[in-house]
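Here is the naming used below: chain letters follow the sequence lines, and residue numbers restart at 1 for every chain. Atoms considered below: every heavy atom in the structure, side chains included; atoms not considered: hydrogens, waters and symmetry mates.
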Amino acid sequence: MLHITNIRENKENFITLLKIKNIDAADLVISAISKDDERKKNQKSVDDLLAQGNKLAKKIGELYKIGQADKASTLKEESSLIKERSKKLQEKQTILEKEIQEILVQIPNIPHPSVPVGKSDADNITIKEVGKIPTLFDGAKPHWELANDYKLIDFDLGNKITGAGFPVYTNKGARLQRALIAYFLDKNIDAGYIEYLPPHVVNEASGFGTGQLPKFEEDLYKIPSETDLYLIPTAEVPVTNFFRDIIVNEFPIKCTAYTPCFRREAGSYGKEVRGLNRLHQFDKVEIVQIQHPEKSYEALDSMVHHVAIILDELELPYRILQLCGGDLSFTSALTYDFEVFSAGQERWLEVSSVSNFESYQANRLKLRYKDENGKNKLCHTLNGSALALPRVYAALLENNQTTEGIKIPQVLQPYTGFDIIK
RNA sequence: GGAGAGAUGGCAGAGUGGUCGAAUGCGGUGGUCUUGAAAACCAUUGUACAGCAAUGUACCGGGGGUUCGAAUCCCUCUCUCUCCGCCA
C-alpha cells in the first residue's frame, strides 16, 4: 500500500509510472487525495471540538474542587452537547478513513522507472543466459516419467490421500528433496542470512501485511475458525511479518526460511501443470531482506547474484529475466525471474523470483527506521526464492538423465549420500 | 476440557475517577569529568494525525458503554500466564 503523503507528493509521476504496469490509476489517485482532503478538514473539526470539551471538563473539575459544584451544571450541559456533536464527526472520520484505505489497497506498487513496458511474460527482457542447453540421448523423458520409472515421486498416492497437485516423494526421491532444502539453506546461511523455521499458518493481519489480503484471498487456503487462519503461500509472509510494527535500527536484516507453500492455483490445468510444474503444495527456501531505502537496489543485485551462484553450482542452464510492467506483481517495484531450462520438456521453468517491494509492504507492516534526524521512515523490503524446489528438481532429473541413471550434481552429493539414481 | 490470574512506554514495573502521555528503575542519545575508557553526575528519550510553527487531538491488548471527565468503573472479544486433566 502506498502512503497517502507519498501519493500527494508524486501524484503525476505515479500515474505515469503506473502506466508501465498497464494501469490507469488516475481516478483512484485523484479520489484518494480528495477524500484525504476531506479527512484532514474533518479531523480538524473533531480536534477543535474535543479540545473545547477537554477545557470544559477541566473547568468543571476545578469547580468541584473549590466546592462550587452548583455552578457546574450549565457547563455540564454544554459539554454533553459537544460530545454529541463530536461523536457524529468521529463517525464520519472513521468512514472517511475506511474509504481512503479501500482506495489505497487497490493501487498497486509503483514500478521502478527502469521497468520495461510490456503486456505479458512474452515482453520480459532477458538480462543474461548462462550455461549450455544440454542435448539429450534418444529416448530421454520428461521428469514425471523419470520420477515414476525410478520410483522417486508417487503422484497417484498424493492424489488418493489429498488431491491433484500434492505429490508424495519416496525413497531417493524424498532424500533428494531433503538434500536440496539443506543445501539451499546452507548456501543462504553462508551468505549471512539467519535461518528461521516459521509457522506454516498465519493470521489475517500477516496476510494483509505482505499484500496477499484482501485482494488475493482466492489464491490462499483458508482455515475457518474463530480467528481465520491461512496456509502460507510462501515463507515471505510469516518472515516479513516478523517485522510488523517494528522500528528497526540496524541494516540489513537478512532472513532465510524453508517452508512448504500452499497455493490454490485455481484455473490452471493441462500441460502447464504436468508433473512438478505447478503444485498446490511445494517446498521453497526463501530469502528476505529488510533494507535502508538507499541500499535496497544494491541489495536486490546482491540477491540476484546469490541465486545465480546457486544455479551455477547446480550446473543448470538458466536465464535471468527482468519482468516487464505487465508481468510485474501487484506489490513489486522491480522483479528479476530466474528460469532453468528443463531439457526433457524443452522449456524454461521459473525457479526463483527476486523482488524489491520498496516501501509498499513496509507501509502496510508499519515497518520503520529512524533517519539521521530521528524521524521515522519506512524501510524497504525485498525477497526472493533461493530456491523453489519442484522445478529445480524437475530440471535436475531431466537434464542429468543418462542411459545409466540420473546423475546428481557434485555439490548435492554430500547431502544425498549418493551420486546417481539407478 | 475444568479453575484462577493478568495484558501499561524499548524492557522491567507503579498507578482504582480530574493536575496521567503516565512515577521509578534499566536501556538509548547528548553533555560534564577523564590522556582514553569505566564509574559518577546533568540533560534528554513513545507513536500517529493535523499545523509553517506555537500547539492541538488520539493512543495504557482490541471493540463498545457509563460519566462533564476513564489507564482507573461496566460489558465484550482476543491473547498470555499458573494449577488440574489429556497428550506428541
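Counting only Watson-Crick or G-U wobble pairs whose defining distances are both under 3.5 Å, the stems of 3 or more consecutive pairs in RNA chain B are B:1-7 with B:78-84, B:10-12 with B:24-26, B:27-32 with B:40-45, B:46-50 with B:55-59, B:61-65 with B:73-77.
Nucleotides B/rA22 and B/rA12, compared at atom C1', are 16 Å apart to the nearest Å. Rounded to whole Å, the P atom of B/rG36 lies 23 Å from the corresponding atom of B/rG27. Going from the C1' atom of B/rG17 to that of B/rA54 covers 32 Å, rounded to whole Å. The gap from the C1' atom of B/rG15 to that of B/rU72 amounts to 8 Å, rounded to the nearest Å. Taking the C1' atoms as reference points, B/rU29 lies 29 Å from B/rG61, given to the whole Å. If you take atom C1' in B/rG62 and the same atom in B/rA71, they sit 15 Å apart, rounded to whole Å. Only the C1' atoms considered, B/rG69 is 13 Å distant from B/rC20, to the nearest whole Å. The C1' atoms of B/rC26 and B/rC75 are separated by 38 Å, rounded to the nearest whole Å.
With sequence neighbours excluded, no residue forms a salt bridge (charged side-chain N to carboxylate O under 4.0 Å, His left out) with A/D156. Scored by the side chain to side chain donor-acceptor pair (under 3.5 Å) test, A/N42 finds A/Q93 as partners (sequence neighbours excluded). For A/K141, the side chain to side chain donor-acceptor pair (under 3.5 Å) partners at least two apart in sequence or on another chain are A/D149. With sequence neighbours left out, the side chain to side chain donor-acceptor pair (under 3.5 Å) criterion links A/N363 to A/H3, A/K366. Applying the salt bridge (charged side-chain N to carboxylate O under 4.0 Å, His left out) test to A/R175 and every residue at least two apart in sequence or in another chain returns nothing. Applying the side chain to side chain donor-acceptor pair (under 3.5 Å) test to A/T234 and every residue at least two apart in sequence or in another chain returns A/K284. Residues passing the side chain to side chain contact (heavy atoms under 4.5 Å, CB included) test with A/S114, sequence neighbours excluded: A/H112, A/Q322, A/L334. Residues meeting the salt bridge (charged side-chain N to carboxylate O under 4.0 Å, His left out) test with A/D245, sequence neighbours left out: none.
Put simply, the side chain of A/K21 gets close to the backbone of A/N109: a donor and an acceptor are under 3.5 Å apart.
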Using a cut-off of under 3.5 Å, enumerate the N/O to N/O pairs linking the protein to nucleotides 65-72 of chain B.
unit_1: B/rU67; atom_1: O4; unit_2: A/K83; atom_2: NZ; d: 2.7
unit_1: B/rC68; atom_1: O2'; unit_2: A/S79; atom_2: OG; d: 2.2

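If you take CG of A/N203 and C1' of B/rU78, they are 11 Å apart, rounded to a whole angstrom. The distance between atom NZ of A/K98 and atom C1' of B/rG63, rounded to the nearest whole Å, is 14 Å. Remark: P of B/rC11 and CG of A/N249 are 13 Å apart, rounded to the nearest angstrom.
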For residues 71-83 of chain A, please give each side-chain donor-acceptor pair under 3.5 Å, one per line with the distance, not counting sequence neighbours.
unit_1: A/K71; atom_1: NZ; unit_2: A/Q68; atom_2: OE1; d: 3.2
unit_1: A/K76; atom_1: NZ; unit_2: A/Y64; atom_2: OH; d: 2.7
unit_1: A/S80; atom_1: OG; unit_2: A/K76; atom_2: O; d: 3.2

message: At under 4.0 Å between heavy atoms, how does the protein contact nucleotides 46-59 of chain B? Give one character per nucleotide, 5' to 3', with B, S or -.
response: -SSSSS----BSS-
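The pair A/R264-A/E218 does not count as a salt bridge, with every side-chain nitrogen at least 4.0 angstrom from each carboxylate oxygen.
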